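Counting from 1, the numbers follow the sequence of the chain as shown. As the structure is a prediction and not an experimental result, all values here were calculated from the model.
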Amino acid sequence: MFDADRFITPRLRAIDASGIRRVFDLGAKLKDPINLSIGQPDFDVPEPIKKAALEAIRKGLNRYTVTQGIKELQDKIAAQVVSEFPDWGNVPGGFGTLITSGVSGGLLLAVMTCAGPGDEVLIPDPFFVMYKHLVTLAGATPVYVDTYPDFQLTAERLEPLITPRTKMLLFNSPSNPTGVVSPPALCREVVELCQRRNVLLLTDEIYDEFCYEKVKRPGGKDRCPSPAEFSPDLLLLRGFSKTYAMTGWRIGYMAAPKPMAAELIKLQGQ
């Protein structure tokens with residue numbers, strides 16, 4: 001008799017099915033439910049985006065693109081990063097960008113590229129449910145940072161948990177699920193701690209445009225506080241899914257030091 005279970009690896013058995021998806025599946029069976037199960041904006045994709053997408057389809061732009069994303073989009077993203085964080089424009093050799101399958105796809109690439117067996121990855125608790133499973137999938141060990149009761153990830157809470165095995169910190173502001181925004185002073189102290197202790201900081205900013213506690217950036221535009229303001233030596237992940245209600249389109253992006261960007265693009269190419 002065929003035993004399908006014997007072919008499942010311990011790595012996959014260590015990962016739980018998504019609770020969010022279970023709630024989503026259940027909600028689909030209910031009549032007129034109030035949907036609080038997943039991060040979905042309550043407005044539709046803006047008309048100019050719909051129009052541009054339809055025009056692209058009609059022009060026949062439906063084939064494979066380059067792995068890292070088309071150059072026009074990469075250039076726009078790089079220009080946006082430098083306009084917001086001028087120090088990124090002064091990095092010797094520049095920095096790299098790539099288009100990802102949503103920020104979740106970028107998270108998978110980043111963790112698989114930068115963490116592995118024997119490594120520890122710091123995760124603030126409470127956290128986006130995907131974080132711990134990505135770390136497990138990479139063969140690394142998740143280490144949880146207690147942020148209760150105010151849900152702020154401070155250097156004081158982080159530093160006692162850093163060991164010689166600590167490789168990465170998954171930083172998320174505005175936070176999913178708490179909604180807490182890390183102020184600039186806290187972003188700076190976490191960046192400085194990671195630099196001092198040689199820990200790679202990954203900043204997940206998928207909700208950056210849903211921040212109502214913004215700070216001034218060069219050019220006078222108000223933006224969400226970000227660790228990227230204080231250093232280009234990190235992984236910056238953002239996306240269009242939440243900002244433009246394009247959750248099903250799966251378009252995110254990452255800015256990273258060039259050597260890391262090359263490896264991220266290599267992995268995505270496979």
Donor-acceptor contact below 3.5 Å, side chain [X] vs main chain [Y]:
X	Y	answer
Ser173	Ser175	no
Glu120	Arg165	no
Lys167	Cys114	yes
Thr243	Phe240	no

Of all heavy-atom pairs linking Cys187 and Phe230, the shortest is CB-CE1, 3.8 Å
Shortest non-hydrogen pair, Leu153 vs Val190, comes out as O-CG2, 3.6 Å
Under a 4.5 Å cut-off applied to non-hydrogen side-chain atoms, are [X] and [Y] in contact?
X	Y	value
Phe128	Leu170	no
Val91	Pro257	no
Pro174	Cys224	yes
Tyr244	Glu209	no
Ile77	Ile99	yes
Thr166	Thr163	yes
Asp125	Asp146	no
Pro184	Pro225	yes

Got a sec, which hydrophobics cluster with Tyr148, joining ILVMFWY side chains under 4.5 Å apart, including via others?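 Phe151, Val180, all in the cluster of Tyr148.
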Besides Val66, the hydrophobic cluster formed by Ile, Leu, Val, Met, Phe, Trp and Tyr side chains linked at under 4.5 Å, directly or via other members, contains none
- Message: Looking only at side-chain N and O atoms, does Thr247 offer a donor or acceptor that is under 3.5 Å from a partner on Gln40?
- Response: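 Looking only at side-chain atoms, Thr247 and Gln40 do form a donor-acceptor pair, the distance falling under 3.5 Å.
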For this session: Assess the side chains of Thr154 and Gln152: does a donor N or O sit below 3.5 Å from an acceptor N or O?
Result: no
Fit a plane to each ring of Phe127 and Tyr131, take the angle between them on a 0 to 90° scale, and name the class: parallel (under 30°), tilted (30 to 60°) or perpendicular (over 60°). parallel
Please round to the nearest 0.5 Å and tell me the distance separating atom [atom1] of [X] and atom [atom2] of [Y].
X	Y	atom1	atom2	answer
Met260	Asp233	CE	CG	8.5 Å
Glu189	Arg196	CD	CZ	9.5 Å
Ser226	Glu205	OG	CD	3.5 Å
Leu236	Asp204	CG	CG	9.5 Å
Glu263	Thr113	CD	OG1	7.0 Å
Leu108	Thr100	CG	OG1	10.5 Å

Under the salt bridge (charged side-chain N to carboxylate O under 4.0 Å, His left out) test, which residues partner [X], sequence neighbours left out?
X	value
Arg157	Asp150
Lys71	Asp75
Arg250	none
Lys258	none

Presence of salt bridge, [Y] and [X], under 4.0 angstrom:
X	Y	value
Lys50	Glu47	yes
Asp222	Lys216	yes
Glu84	Arg238	yes

Item checked: Joint cluster assignment, Leu202 & Val145, ILVMFWY side-chain distance < 4.5 Å -> no
Check your understanding: When hydrophobic residues are tied together by side-chain contacts of less than 4.5 Å, even through go-betweens, does Ile206 share a cluster with Met168?
Key ->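 They do share one cluster, since a chain of ILVMFWY contacts under 4.5 Å joins Ile206 to Met168.
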- Run the side-chain hydrogen bond (donor to acceptor under 3.5 Å, both in side chains) check on Gln74 and Thr97 step by step: do they pass? CA-CA 6 Å; Gln74 280 194 293; Thr97 62; 3.2 Å; yes
